[in-house]
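Input: a single structure, listed below in structure tokens.
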Amino acid sequence: MTSKRSLWMTLLVVFALVVAACGGGDDGATETTAGGDSPATTSGGGDTDTGGSGGDDVTLRVLIHQNPAFTEYMEAFNADFEAANPGVTVDMSIVAPGDMATSIQTRLSANDVDVIDYCVAPCAGFSNAIQPYMTGVDKPAWQQLIEANLIMDLTDEPFIQNFDEATVRDAVSFDGKVYGINMGRNALGGMFVNQTLLADVGLDIPATWNELVAACETLEGEGFACMTQGGGDTWPIFVGSFGLLGAEFPDQEALSEGLWTGEIKWNEGEALALIEKFRVYATEMLEPGVTGLGHDEATARYAAGDVAFLPTGSWQGANLDGFEPEFDWTYIPFPGSDDSADNQYLFGKYDLSFLIAEDTPQPDVAKAYLAALSDADNYQAFVDATGFIPTQPAATLDSTIGEAVSPLLDNYRNAFEQIWVAPTGAGQWANAWQGAAWFAPFNEFEDAQSLADAAQADLEAGLSG
Amino acid sequence: MAIMNKNYLFGSSSKWTRYAPVMLLVPGVFLYIMIALGPSLATTVYSFTDASGLRGAPVNWIGLDNYDEFLFQGAVSRDNIDATLRTLRFSVLVTFIQFTLGLILALLLNQKLRGRTFFRTLFFIPVILGVVIQGLMWKLFLQPRGGPMASIFETFGLQSEFLGGLPGPAFNWVIVVQIWANVGVTMVIFLAGMQTINTDLYEAARIDGAGGWELFRSITWPQLTPAINTNFLLNIVGSLQAWQLFLVLLGYKPGTQVLGYLVFAEGFGQGDSPSFRQGFAAAASIVLFLLVLVIGFVANKYVNWREERYMG
Amino acid sequence: MTQTTRMSEDLNPEAPRALAEPKSVTVRSRQLKILSYIVLSIFAVFYIWPLYMLINTSLKSFTDYLRDPAGVATEPSLANFTEAWELANFPQYMTNSAIYTASATIIFVLTSLFVAFPIARGYFRGSGAILTMYVVALFLPPALIPQFQLILNLGLYNTRIGFILLFLINPIGMIILVNYIKSIPKELDESAAVDGASYITFVTRIIFPLIRPAVATVTVLHAIGIWNELILPTIYLTNEDYFPITRGLIVFEGVYGSNWPGIAAAVLMLMLPILILFMFLQRYIIGGLTAGAVKG
């Protein structure tokens, strides 16, 4: 009697577990069940290996970050790839950029992914490398991954040759080895200009800081907004000011080293002047209410036509086209300096890069996937879809954003966020290159001096510790 | 049988019945040790290492370095201590406001009112909607550009950027949403407590000429002791560990971080220049643990004292 | 007054007594009632308005929304709903959430019943120590990191079983059960033992019905916790087919982040079945949440 009852209890528990394990599979289509099973089998090891070499069905697990134009391209690309490789299913997950690091960390550790789009903040390839003058700082995430042997060495793969040498060296190499393909550059330090609106109010495109300030006054006098921004997401506020930072300090490596050695102080001279310009940009140039706009939402808002400037990355050009704006626009370096000669550098970054997991059970399929992405025709389609500045010598950028950006490419430089690493122990205000996001209405600072003083104090706390 | 106390009463007849309690106890305790206690102890060990959480990455014993960095190094320790104090502030404000509002709502709804069920259901709805929907609703409600709260503010001549603006107000809005979302639970627990109070007590006191406040102070409050204690503990522990609303409403915004979020951000590579630092995150979570422990201990003492005083 | 007495209230055992009260009290209580309604209505505004806002937004086109976020939808359309429905697999997310919540809650309640009873009775040596262990668990550090390593090493990462495993404990629930069982007279055990009842029969047949209120409370508290969990699915589940609602929705928000009307439509579609279910079960949910929490 008793044992019967406990048997019943055990059965109930087992039943609950069984329901838990396969309940969803019953409801989902057969396809979902297959996709769902693959991670479990791969962590088991052998099964999937034999599956791969035997030419049976293989699932390639791809992890990418969300960006409307890019995501759309990848979906079309996957369909083509599946068609060209019978038996291969691409299981692509799309995550928000902020969750990329978490997903990469957990899924690589669980050996639950084959191809990753390495778009960990600041989403700029192998950026923020430790420089000789930096001491005691944490290794960047990509270096941690490589040193943990989680990323495959692709140095000898032929498809690497499709990309220009400088890109391969600067964006996806470490210690003499190549670990991925970089899909393109993006300008960060520029701004979209609504030419139709400027013409309507009788303004030329501003070439210096003073002209920009004057243009904003004129525009506001006419009832238009000067600039909009995705202020609700915080990062667009300071990314929008990278051009300003670059115009003031065209040699950004020198700025980074100067801050580390103490030759440059945030609260003195040019740096202080820069922070004052951050203030003007954040509190006077941006239209009221941008704290409620997300990054993509700001582009939609800009497409409405009554805002003159949108300082953000050039990748938004493709998305702006998607909103079909009824005005002519172009993209110019942020006119941050009073000397127009300093306003012609295009600050940017190497954007997303594809890497392969070292322990992928299907290395050949994963390499074929990267090879297909690198293929000249596919790459041209990628550039057309996303508006990225090509990193393959043969590709061209024909869109509006391409026309605007091409003449500036000789003056391309890496933006400060790809160079700077804060000393360990430095406080949060030491990253004053993000200072535009700390002024009211976004954060607590009201004047340049107090922000600059806080920044320098926090920086020195790290340098001396 | 050595493992059982002498007062164990059941079945001396067969071996099976003697072992039954032990065998049935084991699954629960085993799960508890595996999922809660074990990992928690392991967290302590982790906190003395530079573990990154990456498979294959070397793990080195670094002693108290993580604690040193968290508590004492440079200006970042100031940011961490700010986050700790902010966690406390969040917990204290949420606990007391939610407790008070829940009590007020319960008192109001304990009357014979038409539409009582409606109100009770309405205030409870956010609980079942979950943190993501709560967050999305309030993001929309707090749109600085023409959102409903913005227009309420406007009629009073006020202006705010709400969640996207200064860290202070943004933080306070999270408190508002946290209370809005969870006051329903506090309320129904109080309501249930009030239903168990014998109405004869009120009758007797009324005959003695006691007024409303008098009735509350001398009967409702002491008689509510179990409900008060449950709510008090649920609110304290819940609010100290709650940070998901911060994730949904604010993201990792300077000046608003709380400890729970900091642990997640450091350990799982969130933030501006992420690196994977699970050892450091573990140290931060031990600090959070000590905080909860001290506060929980004090709260528990208080609860026991109340129980002895009012319930004998 | 007759209206008041006709209230169809489940929690109102003393309703008829109001008739017997003296008149002056009635007048005062009427004033009090009006005041109560005012206060309750002010609160209610902040619960209804966000709901209305959600519905209104979901009926707008994106351009209309950008032009005037709060204005009433002039050309209401259901386009957002069809679009959101096609973009995300909401029925799957709902099913997943239901599976996780139900199975983890059942297992938790069953296993903890057999821990709570002997501990409450002190039938083991070291019962007190076990109870202390659970009280300590209330304050334990969030063990996200070792838990992750554990699930990974068990090969349960990104599986339903691994995810459910994380929800099989609940120290508060255990403490509520233990306290409630303590309030049940021990003489019951003695007489049952004298009658020759076995341990399991006694616990399942006699104790279980008696502590049903506490079990209900614990069930509801535990289920709400799982239903609302957001972080653990972010860490443990990468396959979209396994996502619970919370994770599915936040991914949807991330991917369609700027399109508030679309998000509002998605949120409403997810809310509707939850709300309907809640309307049917609310007596049990609210009753369950409270019954065990106020005793002991």
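Here is how names work: the chains are called A, B, and so on, in the same order as the sequence lines, proteins then strands, and each is numbered from 1.
We find the NZ-CZ distance between A/Lys139 and B/Arg277 to be 12.5 Å, quoted to the nearest 0.5 Å. The CZ atom of B/Phe276 sits 6.5 Å away from atom CD1 of A/Ile104, with the distance rounded to the nearest 0.5 Å. Rounded to the nearest 0.5 Å, atoms CG (B/Asp79) and CD (A/Gln428) are 4.0 Å apart. The distance from the CG atom of B/Leu54 to the CD1 atom of A/Ile146 is 12.0 Å, given to the nearest 0.5 Å. Note that CG of A/Leu145 is 8.5 Å distant from OG of B/Ser52, once rounded to the nearest 0.5 Å. Put simply, OG on A/Ser464 and CD on B/Gln73 are 9.5 Å apart, with the number rounded to the nearest 0.5 Å.
Between B/Ala75 and A/Ala426, the shortest heavy-atom distance links the atoms CB-C, 4.2 Å.
Of the two parts of A/Ser103, neither the backbone nor the side chain holds a non-hydrogen atom closer than 4.5 Å to a non-hydrogen atom of chain B. The part of A/Asp359 that comes within reach of chain B is its side chain, from C-beta onward, which places non-hydrogen atoms under 4.5 angstrom from that chain. Contact of A/Arg107 with chain B is not made at all, since no heavy-atom distance falls under 4.5 Å. Heavy atoms closer than 4.5 Å to chain B are found in the backbone of A/Leu108, but not in its side chain. In this structure, chain B has a heavy atom under 4.5 Å from the backbone of A/Pro288, while its side chain stays farther away. Contacts between B/Glu161 and chain A at a heavy-atom distance below 4.5 Å involve backbone atoms as well as side-chain atoms.
The closest donor-acceptor contact from the side chain of A/Ser109 to the backbone of B/Arg55 lies under 3.5 Å. For B/Arg78 (side chain) and A/Gly427 (main-chain N/O), no donor-acceptor pair under 3.5 Å exists by modelled atom type. In this structure a side-chain-to-backbone donor-acceptor pair under 3.5 Å is missing from B/Ser77 to A/Gly425.
For the options A/Thr234, A/Leu459, A/Asn149, A/Leu150, heavy-atom pairs under 4.5 Å to chain B are most numerous at A/Leu150. Considering only heavy-atom pairs separated by less than 4.5 Å from chain B, the leading option among A/Pro441, A/Ala457, A/Ala430 is A/Pro441. Comparing B/Gly168, B/Gly165, B/Pro144 by how many heavy-atom pairs each has under 4.5 Å with chain A, the most go to B/Gly165.
Proximity of A/Asn443 to B/Pro167: side-chain heavy atoms (C-beta onward) are separated by under 4.5 Å at one or more points.
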